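First the proteins, then the strands, lettered A, B, ... as listed; each starts at 1. Everything numeric in this text was worked out from a predicted model, so none of it was measured.
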Protein chains: 2
Amino acid sequence: MKYGTYVKVSCPERAILEHVTSRWGVLVLVALLDAGTLRFSELRDGIGDVSEKMLTQTLRTLERDGFVRRHARPVIPPHVDYTLTDLGREAALKVQALADWTSSRVPAVAAAQSTYDAARG
Amino acid sequence: MKYGTYVKVSCPERAILEHVTSRWGVLVLVALLDAGTLRFSELRDGIGDVSEKMLTQTLRTLERDGFVRRHARPVIPPHVDYTLTDLGREAALKVQALADWTSSRVPAVAAAQSTYDAARG
DNA sequence: CTGTATCCATGATGATACTG
DNA sequence: CAGTATCATCATGGATACAG
């Protein structure tokens, strides 16, 4: 079984971890942390390379977990805003911290990989 | 592959993040952080439910990234020890911090999910 | 504009069997 | 003991088309 992003994981902690560290989850959380409020199309364009399907799926999951608040204005054409909840802000800060640390160690990891690859093949 | 305007998550960074937050990556890092040194079989038994294939794969990835050091003693039967490098200890601490935070918010997330599911379907 | 529905290629995953 | 090899399966994510 794949340790799915959406359900079917025995350990709830593991599931939540998957949600916030998932490919698009990280980007959505950090984007909303930086911008405060973003529309669906702003998230889609800002993140880039994300399909609408995956963005919707990611937003639904984060909304269900209580990390993201969805505000749909009853207008035509539709206008939907997304913001972080307090819980979501906590999550976003933690995830950003991990992402920042990772970013800072990219050179060290790249060096380690080169060494490893050179020694083996 | 290009990422966001709001977020600067490069591909190598994303890959590293996936390595350390992967299902078995988290468990291996935390196990080694707690125990200091563990043999292959100790990791396999301690983590539980992990196939030898996935454990090997996880260990190789973490070793290549410079997070884990592998020490194979030239004896029969084979005896292989795994420990964290300094870089790996940093990673393990960050990951454990995120995992601990996640663990502490499981009730809040569960409540949010119940609310969401009740309101919708 | 903000989604939903459907199909499908890809790749991750784990069971099993085997090896040095 | 510590892996490696092979294979079946099944979720994941992307493309596409369409709807409200």
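- Spacing between atom CG of A:L55 and atom P of D:dT12 amounts to 17 Å, rounded to whole angstrom units.
- B:Q57 places its CD atom 12 Å from the C1' atom of D:dT4, with the value rounded to the nearest Å.
- In this structure, B:S41 reaches the D:dA2 phosphate: one of its side-chain N or O atoms is under 4.0 Å from OP1 or OP2.
- With respect to the salt-bridge test (charged N to carboxylate O, under 4.0 angstrom), the residues A:R105 and B:E90 qualify.
- Atom CZ in A:R23 sits roughly 9 Å away from atom P in D:dG13 (whole-Å rounding).
- Within the 4.0 Å cut-off from OP1 or OP2 of D:dG3, at least one side-chain nitrogen or oxygen of B:Y82 is found.
- Checking side-chain atoms of A:T85 against main-chain N and O of A:G66 turns up a donor-acceptor pair under 3.5 Å.
- As judged by a 4.0 angstrom heavy-atom cut-off over every strand, B:P77 is placed among residues touching the sugar-phosphate backbone only.
- With a 4.5 Å cut-off on side-chain heavy atoms, A:L33 and A:Q96 count as touching.
- When heavy atoms are screened at a 4.0 angstrom cut-off, B:R70 is found touching the sugar-phosphate backbone but no base atom.
- Among the nucleotides D:dG14, D:dG3, C:dT4, the one closest to the side chain of A:K53 is D:dG14.
- Counting any heavy atom pair closer than 4.0 Å across all strands shown, B:R73 reaches no nucleic acid atom.
- A:V26 is not listed as a side-chain neighbour of A:V20, based on a closest heavy-atom distance of 4.5 Å or more.
- Here D:dA15 presents its P atom at 9 Å from CG of A:D49, a figure rounded to the nearest Å.
- Among the protein residues, B:R39 comes within range of the sugar-phosphate backbone only, with heavy atoms under 4.0 Å from sugar or phosphate atoms but none that close to a base.
- Rounded to an integer number of Å, the gap from B:M54 CE to D:dG3 C1' is 15 Å.
- Here B:W24 does not reach the OP1 or OP2 of C:dA12: none of its side-chain N or O atoms lies under 4.0 Å away.
- Going from atom NE2 of B:H79 over to atom P of D:dC1 covers 11 Å, rounded to whole Å.
- Atom CZ in B:R120 sits about 11 Å away from atom C1' in C:dG3, given to the nearest Å.
- Each of A:S51 and A:P78 has a nearest nucleotide on DNA chain D; the 5'-most of these lies closest to A:S51.
- Annotation: side chain of B:V80 is not in contact with side chain of B:R73 (no heavy-atom distance under 4.5 Å).
- Computed from coordinates, the A:D81 CG to C:dG3 P distance equals 11 Å when rounded to whole Å.
- For the pair A:R60 and C:dT4, the criterion of a side-chain N or O lying under 4.0 Å from OP1 or OP2 is met.
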